[in-house]
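Report on the structure given below.
Here is the naming used below: chain letters follow the sequence lines, and residue numbers restart at 1 for every chain. Only heavy atoms go into these numbers, but all of them, side chains included; no hydrogens, no water, no symmetry mates.
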2 protein chains.
Amino acid sequence: MEKLRKHIEAITPLNDEEFEYIKTFFSLKKVRKKQYLIHEGDEVKYEYLVIKGIYKVFYIDNDGKEHILQFAQENWWMSDYIGYFKQKPASMFVECLENGEVLCLTLYGREKLSADLHKMEHFFRLKLTNGFVALQQRIALLLSSTPQERYEEFSQWYPDLLQRIPKKYIAEFLGVSRETLSRLHSDSK
Amino acid sequence: MEKLRKHIEAITPLNDEEFEYIKTFFSLKKVRKKQYLIHEGDEVKYEYLVIKGIYKVFYIDNDGKEHILQFAQENWWMSDYIGYFKQKPASMFVECLENGEVLCLTLYGREKLSADLHKMEHFFRLKLTNGFVALQQRIALLLSSTPQERYEEFSQWYPDLLQRIPKKYIAEFLGVSRETLSRLHSDSK
DNA sequence: GAAAATGTGTGATTTGGATCACTCGTTAAT
DNA sequence: ATTAACGAGTGATCCAAATCACACATTTTC
(Lines give C-alpha, C1' and ligand atoms only; values in the text may rest on other atoms or scores of the structure.)
Protein backbone atom coordinates (compact mmCIF):
# COMPACT_ATOMS: atom_id res chain seq x y z
CA MET A 1 0.00 0.00 0.00
CA GLU A 2 3.02 2.27 0.34
CA LYS A 3 3.12 2.42 -3.43
CA LEU A 4 -0.45 3.64 -3.53
CA ARG A 5 0.35 6.47 -1.17
CA LYS A 6 3.37 7.50 -3.20
CA HIS A 7 1.33 7.30 -6.36
CA ILE A 8 -1.35 9.66 -5.05
CA GLU A 9 1.09 11.97 -3.33
CA ALA A 10 2.86 12.53 -6.61
CA ILE A 11 -0.18 14.70 -7.29
CA THR A 12 -1.52 15.80 -3.94
CA PRO A 13 -0.17 15.48 -0.36
CA LEU A 14 -2.14 13.36 2.12
CA ASN A 15 -2.17 13.15 5.90
CA ASP A 16 -2.26 9.78 7.65
CA GLU A 17 -5.93 9.96 8.44
CA GLU A 18 -6.84 10.60 4.84
CA PHE A 19 -4.70 7.79 3.60
CA GLU A 20 -6.13 5.36 6.13
CA TYR A 21 -9.54 6.16 4.75
CA ILE A 22 -8.47 5.89 1.12
CA LYS A 23 -6.83 2.53 1.76
CA THR A 24 -10.10 0.94 2.76
CA PHE A 25 -11.39 1.17 -0.79
CA PHE A 26 -8.53 -0.72 -2.40
CA SER A 27 -7.84 -4.44 -2.34
CA LEU A 28 -4.65 -6.12 -3.44
CA LYS A 29 -4.73 -8.98 -5.92
CA LYS A 30 -1.90 -11.20 -7.13
CA VAL A 31 -2.04 -12.01 -10.81
CA ARG A 32 -0.27 -14.70 -12.79
CA LYS A 33 0.72 -14.68 -16.46
CA LYS A 34 -2.12 -15.59 -18.82
CA GLN A 35 -4.72 -14.81 -16.17
CA TYR A 36 -7.65 -12.62 -17.18
CA LEU A 37 -8.63 -9.78 -14.87
CA ILE A 38 -11.57 -8.94 -17.09
CA HIS A 39 -13.26 -11.23 -19.58
CA GLU A 40 -15.65 -10.19 -22.33
CA GLY A 41 -19.25 -10.52 -21.21
CA ASP A 42 -18.51 -10.38 -17.49
CA GLU A 43 -19.49 -7.54 -15.20
CA VAL A 44 -16.69 -4.95 -14.94
CA LYS A 45 -16.35 -4.70 -11.18
CA TYR A 46 -13.04 -2.89 -10.91
CA GLU A 47 -10.49 -0.64 -12.38
CA TYR A 48 -6.94 -1.59 -11.53
CA LEU A 49 -3.82 0.25 -10.50
CA VAL A 50 -0.82 -1.81 -11.53
CA ILE A 51 1.68 -2.40 -8.72
CA LYS A 52 3.76 -4.91 -10.65
CA GLY A 53 3.63 -6.86 -13.90
CA ILE A 54 2.57 -6.11 -17.46
CA TYR A 55 -0.96 -6.29 -18.82
CA LYS A 56 -2.80 -5.80 -22.08
CA VAL A 57 -6.31 -4.49 -22.61
CA PHE A 58 -7.76 -5.78 -25.87
CA TYR A 59 -10.93 -6.70 -27.70
CA ILE A 60 -11.82 -9.09 -30.48
CA ASP A 61 -13.49 -7.69 -33.60
CA ASN A 62 -16.13 -9.24 -35.82
CA ASP A 63 -13.50 -11.05 -37.88
CA GLY A 64 -11.99 -12.59 -34.76
CA LYS A 65 -8.94 -10.33 -34.81
CA GLU A 66 -7.45 -8.92 -31.64
CA HIS A 67 -6.80 -5.21 -31.16
CA ILE A 68 -4.96 -3.81 -28.20
CA LEU A 69 -6.33 -0.63 -26.66
CA GLN A 70 -3.77 -0.28 -23.92
CA PHE A 71 -0.70 -1.74 -22.31
CA ALA A 72 -0.25 -1.21 -18.60
CA GLN A 73 2.75 -1.33 -16.31
CA GLU A 74 3.64 -0.14 -12.83
CA ASN A 75 1.63 2.93 -11.80
CA TRP A 76 -0.74 2.77 -14.76
CA TRP A 77 -4.47 2.47 -14.36
CA MET A 78 -6.43 0.11 -16.54
CA SER A 79 -9.84 -1.41 -17.05
CA ASP A 80 -12.49 -1.88 -19.68
CA TYR A 81 -13.46 1.73 -19.10
CA ILE A 82 -16.47 1.56 -21.34
CA GLY A 83 -17.94 -1.25 -19.26
CA TYR A 84 -16.68 0.19 -16.00
CA PHE A 85 -17.99 3.73 -16.28
CA LYS A 86 -21.25 2.77 -17.93
CA GLN A 87 -21.66 -0.31 -15.75
CA LYS A 88 -22.26 -2.59 -18.70
CA PRO A 89 -20.88 -6.07 -19.44
CA ALA A 90 -17.28 -6.11 -20.59
CA SER A 91 -16.61 -5.81 -24.30
CA MET A 92 -12.90 -6.30 -23.67
CA PHE A 93 -10.35 -8.52 -22.00
CA VAL A 94 -7.60 -7.57 -19.58
CA GLU A 95 -4.86 -10.18 -19.60
CA CYS A 96 -1.69 -10.49 -17.56
CA LEU A 97 1.53 -10.83 -19.56
CA GLU A 98 3.97 -10.92 -16.63
CA ASN A 99 3.19 -12.03 -13.07
CA GLY A 100 2.42 -9.15 -10.77
CA GLU A 101 -0.01 -7.43 -8.44
CA VAL A 102 -2.79 -4.92 -8.86
CA LEU A 103 -4.93 -2.79 -6.58
CA CYS A 104 -8.65 -3.06 -7.28
CA LEU A 105 -11.08 -0.17 -7.01
CA THR A 106 -14.82 -0.34 -7.61
CA LEU A 107 -16.72 2.44 -9.36
CA TYR A 108 -18.59 2.96 -6.12
CA GLY A 109 -15.26 3.42 -4.32
CA ARG A 110 -14.02 5.82 -6.94
CA GLU A 111 -17.11 7.98 -6.73
CA LYS A 112 -17.24 7.84 -2.93
CA LEU A 113 -13.62 8.89 -2.62
CA SER A 114 -14.21 11.71 -5.10
CA ALA A 115 -17.27 12.93 -3.23
CA ASP A 116 -15.74 12.69 0.25
CA LEU A 117 -12.31 14.07 -0.51
CA HIS A 118 -11.94 17.01 -2.85
CA LYS A 119 -8.28 16.01 -3.12
CA MET A 120 -9.21 12.67 -4.59
CA GLU A 121 -11.60 14.20 -7.09
CA HIS A 122 -8.70 16.41 -8.10
CA PHE A 123 -6.42 13.41 -8.37
CA PHE A 124 -8.81 11.54 -10.65
CA ARG A 125 -9.44 14.61 -12.76
CA LEU A 126 -5.73 15.09 -13.37
CA LYS A 127 -5.28 11.45 -14.27
CA LEU A 128 -8.16 11.66 -16.72
CA THR A 129 -6.76 14.83 -18.21
CA ASN A 130 -3.48 13.10 -18.97
CA GLY A 131 -5.29 10.06 -20.30
CA PHE A 132 -7.49 12.21 -22.51
CA VAL A 133 -4.53 13.97 -24.06
CA ALA A 134 -2.74 10.67 -24.66
CA LEU A 135 -5.77 9.21 -26.42
CA GLN A 136 -6.06 12.26 -28.66
CA GLN A 137 -2.45 11.91 -29.65
CA ARG A 138 -3.00 8.27 -30.43
CA ILE A 139 -5.98 9.13 -32.64
CA ALA A 140 -3.84 11.63 -34.50
CA LEU A 141 -1.24 8.91 -34.96
CA LEU A 142 -3.81 6.47 -36.32
CA LEU A 143 -5.26 9.07 -38.68
CA SER A 144 -2.11 10.28 -40.32
CA SER A 145 0.98 8.15 -39.88
CA THR A 146 2.64 5.28 -41.70
CA PRO A 147 3.47 2.00 -39.97
CA GLN A 148 7.06 3.18 -39.84
CA GLU A 149 6.18 6.37 -37.99
CA ARG A 150 3.84 4.54 -35.64
CA TYR A 151 6.54 2.15 -34.68
CA GLU A 152 8.97 4.96 -34.02
CA GLU A 153 6.46 6.80 -31.83
CA PHE A 154 5.77 3.63 -29.92
CA SER A 155 9.48 3.12 -29.34
CA GLN A 156 9.66 6.54 -27.78
CA TRP A 157 6.56 6.16 -25.63
CA TYR A 158 7.32 2.68 -24.33
CA PRO A 159 11.02 1.96 -24.90
CA ASP A 160 11.05 -0.72 -22.21
CA LEU A 161 8.08 -2.64 -23.60
CA LEU A 162 9.87 -3.26 -26.88
CA GLN A 163 12.05 -5.87 -25.22
CA ARG A 164 9.56 -7.34 -22.81
CA ILE A 165 6.54 -8.18 -24.94
CA PRO A 166 6.04 -10.11 -28.22
CA LYS A 167 6.22 -7.98 -31.35
CA LYS A 168 2.87 -9.21 -32.51
CA TYR A 169 1.23 -7.42 -29.62
CA ILE A 170 2.88 -4.21 -30.67
CA ALA A 171 1.44 -4.76 -34.13
CA GLU A 172 -2.02 -5.25 -32.62
CA PHE A 173 -1.60 -2.01 -30.70
CA LEU A 174 -0.46 -0.03 -33.72
CA GLY A 175 -3.07 -1.36 -36.11
CA VAL A 176 -0.52 -2.97 -38.42
CA SER A 177 -0.05 -6.59 -39.41
CA ARG A 178 2.58 -8.70 -37.69
CA GLU A 179 4.41 -9.18 -40.98
CA THR A 180 4.53 -5.51 -41.91
CA LEU A 181 5.94 -4.64 -38.51
CA SER A 182 8.56 -7.35 -38.86
CA ARG A 183 9.67 -5.99 -42.22
CA LEU A 184 10.13 -2.52 -40.76
CA HIS A 185 12.99 -3.76 -38.62
CA SER A 186 14.91 -5.30 -41.47
CA ASP A 187 14.33 -2.31 -43.75
CA SER A 188 15.50 0.34 -41.29
CA LYS A 189 18.71 -1.50 -40.58
CA MET B 1 -25.05 32.83 -19.77
CA GLU B 2 -28.32 31.06 -18.97
CA LYS B 3 -27.14 28.25 -21.21
CA LEU B 4 -23.98 27.90 -19.19
CA ARG B 5 -25.94 27.52 -15.99
CA LYS B 6 -28.21 24.89 -17.51
CA HIS B 7 -25.21 23.10 -18.92
CA ILE B 8 -23.52 22.82 -15.54
CA GLU B 9 -26.72 22.09 -13.67
CA ALA B 10 -27.31 19.09 -15.89
CA ILE B 11 -24.57 17.58 -13.74
CA THR B 12 -24.65 19.43 -10.43
CA PRO B 13 -27.07 21.99 -8.91
CA LEU B 14 -25.79 25.51 -8.23
CA ASN B 15 -27.01 28.32 -6.05
CA ASP B 16 -27.03 31.89 -7.32
CA GLU B 17 -23.93 32.90 -5.47
CA GLU B 18 -21.94 30.03 -6.91
CA PHE B 19 -23.09 30.75 -10.41
CA GLU B 20 -22.27 34.44 -10.09
CA TYR B 21 -18.74 33.43 -9.21
CA ILE B 22 -18.46 30.87 -11.98
CA LYS B 23 -19.71 33.37 -14.56
CA THR B 24 -16.79 35.68 -13.94
CA PHE B 25 -14.39 33.20 -15.54
CA PHE B 26 -16.22 32.94 -18.83
CA SER B 27 -16.34 35.43 -21.68
CA LEU B 28 -18.66 35.31 -24.65
CA LYS B 29 -17.33 35.53 -28.17
CA LYS B 30 -19.22 35.77 -31.45
CA VAL B 31 -17.71 33.73 -34.26
CA ARG B 32 -18.28 33.90 -37.99
CA LYS B 33 -17.95 31.14 -40.57
CA LYS B 34 -14.33 30.54 -41.70
CA GLN B 35 -12.95 32.27 -38.64
CA TYR B 36 -10.22 30.49 -36.69
CA LEU B 37 -10.51 30.33 -32.91
CA ILE B 38 -7.16 28.63 -32.67
CA HIS B 39 -4.38 28.71 -35.25
CA GLU B 40 -1.38 26.40 -35.39
CA GLY B 41 1.62 27.98 -33.69
CA ASP B 42 -0.37 30.40 -31.55
CA GLU B 43 -0.66 30.22 -27.82
CA VAL B 44 -3.71 28.20 -26.77
CA LYS B 45 -5.38 30.64 -24.41
CA TYR B 46 -8.81 29.08 -24.07
CA GLU B 47 -11.00 26.10 -24.25
CA TYR B 48 -14.45 26.81 -25.61
CA LEU B 49 -17.97 25.79 -24.73
CA VAL B 50 -20.09 26.02 -27.86
CA ILE B 51 -23.28 28.03 -27.40
CA LYS B 52 -24.19 28.08 -31.07
CA GLY B 53 -22.65 27.11 -34.41
CA ILE B 54 -20.56 24.23 -35.72
CA TYR B 55 -16.79 23.94 -35.49
CA LYS B 56 -14.03 21.58 -36.52
CA VAL B 57 -10.78 20.85 -34.71
CA PHE B 58 -8.13 19.65 -37.12
CA TYR B 59 -4.42 19.46 -37.80
CA ILE B 60 -2.27 19.27 -40.91
CA ASP B 61 0.14 16.36 -41.26
CA ASN B 62 3.60 16.26 -42.81
CA ASP B 63 2.14 15.66 -46.27
CA GLY B 64 -0.11 18.68 -45.96
CA LYS B 65 -3.26 16.63 -45.45
CA GLU B 66 -5.94 17.68 -43.00
CA HIS B 67 -7.25 15.37 -40.30
CA ILE B 68 -10.20 16.23 -38.11
CA LEU B 69 -9.94 15.33 -34.45
CA GLN B 70 -13.30 16.62 -33.39
CA PHE B 71 -16.49 18.31 -34.49
CA ALA B 72 -18.28 20.49 -31.98
CA GLN B 73 -21.83 21.74 -31.68
CA GLU B 74 -24.04 23.26 -28.99
CA ASN B 75 -22.98 22.21 -25.50
CA TRP B 76 -19.74 20.59 -26.63
CA TRP B 77 -16.37 21.63 -25.31
CA MET B 78 -13.45 22.00 -27.66
CA SER B 79 -9.88 23.20 -27.88
CA ASP B 80 -6.45 22.07 -28.92
CA TYR B 81 -6.29 20.14 -25.68
CA ILE B 82 -2.70 19.14 -26.15
CA GLY B 83 -1.63 22.76 -26.36
CA TYR B 84 -4.15 23.90 -23.76
CA PHE B 85 -3.35 21.46 -20.98
CA LYS B 86 0.37 21.45 -21.57
CA GLN B 87 0.49 25.19 -22.27
CA LYS B 88 2.39 24.74 -25.49
CA PRO B 89 1.88 26.41 -28.87
CA ALA B 90 -1.07 25.08 -30.85
CA SER B 91 -0.45 22.14 -33.14
CA MET B 92 -4.03 22.37 -34.39
CA PHE B 93 -6.66 24.70 -35.81
CA VAL B 94 -10.18 25.32 -34.59
CA GLU B 95 -12.33 26.69 -37.40
CA CYS B 96 -15.93 27.84 -37.43
CA LEU B 97 -18.18 26.16 -40.02
CA GLU B 98 -21.44 27.93 -39.12
CA ASN B 99 -21.78 31.34 -37.44
CA GLY B 100 -22.26 31.12 -33.71
CA GLU B 101 -21.07 31.94 -30.23
CA VAL B 102 -18.72 30.35 -27.75
CA LEU B 103 -17.82 30.84 -24.11
CA CYS B 104 -14.09 31.08 -23.47
CA LEU B 105 -12.36 29.67 -20.41
CA THR B 106 -8.65 29.93 -19.63
CA LEU B 107 -6.70 27.07 -18.09
CA TYR B 108 -6.17 29.29 -15.07
CA GLY B 109 -9.93 29.74 -14.79
CA ARG B 110 -10.54 26.04 -15.13
CA GLU B 111 -8.06 25.19 -12.39
CA LYS B 112 -9.21 28.01 -10.11
CA LEU B 113 -12.84 26.95 -10.41
CA SER B 114 -11.86 23.34 -9.74
CA ALA B 115 -9.85 24.29 -6.68
CA ASP B 116 -12.43 26.69 -5.22
CA LEU B 117 -15.56 24.69 -5.88
CA HIS B 118 -15.53 20.96 -5.35
CA LYS B 119 -18.68 20.89 -7.47
CA MET B 120 -16.81 22.27 -10.43
CA GLU B 121 -13.99 19.82 -10.07
CA HIS B 122 -16.65 17.14 -10.11
CA PHE B 123 -18.22 18.67 -13.19
CA PHE B 124 -14.96 18.69 -15.09
CA ARG B 125 -14.11 15.18 -13.99
CA LEU B 126 -17.40 13.85 -15.30
CA LYS B 127 -16.98 15.65 -18.60
CA LEU B 128 -13.49 14.21 -18.96
CA THR B 129 -14.77 10.75 -18.11
CA ASN B 130 -17.28 10.90 -20.94
CA GLY B 131 -14.70 12.31 -23.29
CA PHE B 132 -12.22 9.61 -22.37
CA VAL B 133 -14.71 6.85 -23.09
CA ALA B 134 -15.65 8.42 -26.41
CA LEU B 135 -12.01 8.63 -27.49
CA GLN B 136 -11.43 4.99 -26.61
CA GLN B 137 -14.38 3.99 -28.72
CA ARG B 138 -13.06 6.01 -31.59
CA ILE B 139 -9.67 4.32 -31.30
CA ALA B 140 -11.38 0.94 -31.42
CA LEU B 141 -13.21 2.09 -34.53
CA LEU B 142 -9.99 3.20 -36.19
CA LEU B 143 -8.23 -0.04 -35.33
CA SER B 144 -10.77 -2.52 -36.56
CA SER B 145 -13.43 -1.20 -38.87
CA THR B 146 -13.87 -0.76 -42.62
CA PRO B 147 -14.76 2.61 -44.16
CA GLN B 148 -18.31 1.31 -44.49
CA GLU B 149 -18.61 0.55 -40.78
CA ARG B 150 -16.99 3.83 -39.83
CA TYR B 151 -19.48 5.75 -41.86
CA GLU B 152 -22.38 3.89 -40.29
CA GLU B 153 -21.09 4.56 -36.79
CA PHE B 154 -20.65 8.20 -37.61
CA SER B 155 -24.21 8.39 -38.91
CA GLN B 156 -25.43 7.10 -35.58
CA TRP B 157 -23.26 9.37 -33.45
CA TYR B 158 -23.91 12.58 -35.37
CA PRO B 159 -27.03 12.07 -37.52
CA ASP B 160 -27.58 15.84 -37.77
CA LEU B 161 -24.07 16.64 -38.94
CA LEU B 162 -24.49 14.45 -42.04
CA GLN B 163 -26.69 17.11 -43.61
CA ARG B 164 -25.00 20.20 -42.29
CA ILE B 165 -21.35 19.75 -43.16
CA PRO B 166 -19.49 18.85 -46.37
CA LYS B 167 -18.87 15.14 -46.85
CA LYS B 168 -15.20 15.70 -47.32
CA TYR B 169 -14.90 16.76 -43.69
CA ILE B 170 -16.55 13.55 -42.63
CA ALA B 171 -13.93 11.70 -44.66
CA GLU B 172 -11.19 13.63 -42.87
CA PHE B 173 -12.71 12.69 -39.55
CA LEU B 174 -13.02 9.01 -40.39
CA GLY B 175 -9.56 8.64 -41.90
CA VAL B 176 -10.86 7.74 -45.35
CA SER B 177 -10.42 9.49 -48.68
CA ARG B 178 -13.16 11.72 -50.04
CA GLU B 179 -13.59 9.44 -53.02
CA THR B 180 -13.92 6.24 -51.02
CA LEU B 181 -16.55 7.81 -48.82
CA SER B 182 -18.45 9.00 -51.85
CA ARG B 183 -18.47 5.50 -53.34
CA LEU B 184 -19.95 4.07 -50.15
CA HIS B 185 -23.17 5.98 -50.71
CA SER B 186 -23.68 4.74 -54.23
CA ASP B 187 -22.82 1.16 -53.28
CA SER B 188 -25.15 0.89 -50.31
CA LYS B 189 -28.13 2.16 -52.28
C1' DG C 1 14.10 -34.14 -22.85
C1' DA C 2 10.44 -34.97 -26.39
C1' DA C 3 6.52 -32.85 -28.11
C1' DA C 4 3.67 -29.01 -28.60
C1' DA C 5 2.88 -24.28 -28.67
C1' DT C 6 4.46 -19.82 -29.64
C1' DG C 7 7.27 -16.15 -31.72
C1' DT C 8 9.53 -14.27 -35.68
C1' DG C 9 11.40 -13.59 -40.33
C1' DT C 10 10.62 -13.54 -45.23
C1' DG C 11 8.98 -14.70 -49.91
C1' DA C 12 4.82 -14.64 -53.28
C1' DT C 13 0.29 -13.00 -54.22
C1' DT C 14 -3.77 -10.30 -53.65
C1' DT C 15 -6.51 -6.40 -52.70
C1' DG C 16 -8.80 -2.38 -50.68
C1' DG C 17 -8.41 2.01 -50.76
C1' DA C 18 -5.47 6.09 -52.27
C1' DT C 19 -4.43 8.82 -55.94
C1' DC C 20 -5.06 11.01 -60.32
C1' DA C 21 -8.08 13.07 -63.57
C1' DC C 22 -12.06 14.75 -65.19
C1' DT C 23 -17.24 16.26 -65.15
C1' DC C 24 -21.07 18.50 -63.53
C1' DG C 25 -23.80 21.01 -60.13
C1' DT C 26 -24.29 24.55 -56.62
C1' DT C 27 -22.84 28.30 -53.76
C1' DA C 28 -20.21 32.64 -53.07
C1' DA C 29 -18.19 36.79 -54.72
C1' DT C 30 -17.92 41.14 -57.41
C1' DA D 1 -25.50 38.28 -64.23
C1' DT D 2 -20.94 36.33 -64.82
C1' DT D 3 -17.16 34.35 -63.06
C1' DA D 4 -14.82 31.93 -59.71
C1' DA D 5 -14.56 28.68 -55.90
C1' DC D 6 -16.14 24.75 -53.89
C1' DG D 7 -18.54 20.21 -53.27
C1' DA D 8 -19.53 15.83 -54.93
C1' DG D 9 -19.71 11.74 -58.14
C1' DT D 10 -17.17 8.42 -60.85
C1' DG D 11 -13.81 6.01 -63.96
C1' DA D 12 -8.81 4.36 -64.49
C1' DT D 13 -4.53 3.34 -62.40
C1' DC D 14 -1.37 2.36 -58.78
C1' DC D 15 0.57 0.88 -54.58
C1' DA D 16 1.26 -0.12 -49.62
C1' DA D 17 0.03 -3.22 -46.68
C1' DA D 18 -2.82 -7.48 -45.80
C1' DT D 19 -2.95 -12.09 -46.54
C1' DC D 20 -1.22 -16.63 -47.42
C1' DA D 21 2.33 -19.90 -46.86
C1' DC D 22 6.31 -21.45 -45.36
C1' DA D 23 10.88 -22.21 -42.43
C1' DC D 24 13.15 -22.03 -38.30
C1' DA D 25 14.07 -20.78 -33.56
C1' DT D 26 12.73 -20.52 -28.84
C1' DT D 27 9.87 -21.27 -25.06
C1' DT D 28 6.45 -24.00 -22.47
C1' DT D 29 4.56 -28.03 -20.84
C1' DC D 30 3.99 -32.75 -19.28
Side-chain angles (χ1 to χ4, degrees), chain A residues 31-36 53-54 56 58 60-68 71 93 95-99 141-155 158 161-189, chain B residues 32-36 54 56 58 60-68 71 93 95-99 141-155 158 161-189:
Chain A
V31 201
R32 287 192 332 283
K33 192 169 172 173
K34 293 197 175 170
Q35 188 179 339
Y36 290 98
I54 300 184
K56 64 168 179 167
F58 69 100
I60 298 182
D61 72 15
N62 303 328
D63 302 336
K65 277 205 300 195
E66 293 191 14
H67 303 276
I68 296 179
F71 290 112
F93 302 80
E95 185 183 343
C96 177
L97 302 178
E98 273 186 16
N99 293 357
L141 197 72
L142 289 172
L143 282 177
S144 64
S145 66
T146 63
Q148 172 77 23
E149 292 165 324
R150 293 183 200 183
Y151 182 73
E152 281 161 12
E153 284 277 325
F154 185 89
S155 308
Y158 313 92
L161 284 188
L162 285 183
Q163 277 72 33
R164 290 169 73 186
I165 62 176
K167 303 272 159 61
K168 69 172 216 171
Y169 292 157
I170 298 176
E172 285 169 20
F173 179 88
L174 296 176
V176 175
S177 77
R178 216 206 76 225
E179 293 92 332
T180 299
L181 191 71
S182 169
R183 281 185 248 267
L184 284 182
H185 293 251
S186 12
D187 295 358
S188 67
K189 261 191 288 194
Chain B
R32 287 191 334 283
K33 193 170 169 171
K34 293 196 177 170
Q35 188 179 339
Y36 290 99
I54 300 185
K56 63 167 179 168
F58 68 100
I60 298 182
D61 72 16
N62 303 328
D63 302 336
K65 277 205 301 193
E66 293 190 13
H67 303 276
I68 295 180
F71 290 112
F93 303 81
E95 184 184 346
C96 178
L97 302 179
E98 273 187 18
N99 293 357
L141 197 73
L142 289 172
L143 282 178
S144 64
S145 65
T146 63
Q148 172 77 26
E149 292 165 324
R150 293 183 199 184
Y151 182 73
E152 282 161 11
E153 284 276 326
F154 185 89
S155 309
Y158 314 91
L161 284 188
L162 286 183
Q163 276 74 35
R164 291 169 72 186
I165 62 175
K167 301 272 159 63
K168 69 172 215 170
Y169 292 158
I170 298 177
E172 284 169 20
F173 179 86
L174 296 177
V176 174
S177 77
R178 217 205 77 227
E179 294 92 333
T180 298
L181 191 70
S182 168
R183 281 185 249 267
L184 285 182
H185 293 250
S186 12
D187 295 356
S188 66
K189 261 191 285 191

Would you call the rings of A/Tyr36 and A/Phe93 parallel, tilted or perpendicular, taking 30° and 60° as the class edges? tilted
Kindly say whether, by distance alone, the side chain of A/Arg178 makes a donor-acceptor pair under 3.5 Å with the base of C/dG9? yes
Identify the residue among A/Leu161, A/Val31, A/Ile54 that makes a side chain to side chain contact (heavy atoms under 4.5 Å, CB included) with A/Leu97. A/Ile54
Roughly, in whole Å, what's the span from CG in B/Asn99 to P in C/dA28? 11 Å
Calculate the interatomic distance between B/Glu172 atom CD and D/dC6 atom C1'; express it in whole Å. 13 Å
Could you state the atom-to-atom distance from CG of A/Leu162 to P of C/dT8 in whole Å? 11 Å
Please confirm whether the shortest side-chain N or O distance from A/Lys33 to OP1 or OP2 of D/dT28 is below 4.0 Å. yes
Quick check against the 3.5 Å criterion: does A/Asp61 have a side-chain atom that pairs as donor or acceptor with the backbone of A/Asp63? yes
Length of the OH-P vector between B/Tyr151 and D/dA8, whole Å: 10 Å
Within the modelled atom types, does a donor on one side and an acceptor on the other bring the side chain of B/Arg183 and the base of C/dG16 under 3.5 Å apart? no
Are the side chains of B/Tyr151 and B/Pro147 in touch, meaning some heavy atoms are under 4.5 Å apart? no
Phosphate contact (D/dA17 OP1 or OP2) by A/Ser177 side-chain N/O below 4.0 Å: no
In whole Å, what is the span from the CZ atom of A/Arg164 to the C1' atom of D/dT27? 18 Å
Candidate nucleotides D/dA17, D/dA8, C/dG17, ranked by approach to the side chain of B/Thr146 - the nearest: C/dG17
Using only side-chain N and O atoms of A/Ser182, determine if any of them is under 4.0 Å from OP1 or OP2 of C/dG9. yes
Rounded to whole Å, please give me the gap between CZ in A/Arg32 and C1' in D/dT28. 15 Å
Measure the shortest side-chain to side-chain distance between B/Leu142 and B/Arg150 over non-hydrogen atoms and say whether it is less than 4.5 angstrom. yes
Between B/Val176 and B/Lys34, which is nearer to the 5' end of DNA chain C once each is assigned its nearest nucleotide? B/Val176
Among the nucleotides C/dG7, D/dG9, C/dT19, which one has an atom lying closest to any side-chain atom of A/Lys168? C/dG7
As a test of reading the structure: which of D/dA17, C/dT8, C/dT10 is closest to the side chain of A/Glu179, going by heavy atoms? C/dT10
Residues A/Thr146 and A/Glu149: side-chain donor-acceptor under 3.5 angstrom: yes
In this structure, how many angstroms lie between the P atom of C/dG17 and the CZ atom of B/Arg150, rounded? 8 Å
Between A/Phe173 and A/Tyr169, does the ring centroid distance fall short of 6.0 Å? no
If we fit an axis to the first five pairs and another to the last five of the helix from C/dG1-D/dC30 to C/dT30-D/dA1, what angle do they make, to the nearest 10°? 60°
Rounded distance in Å - NZ (A/Lys167) to C1' (D/dA25): 14 Å
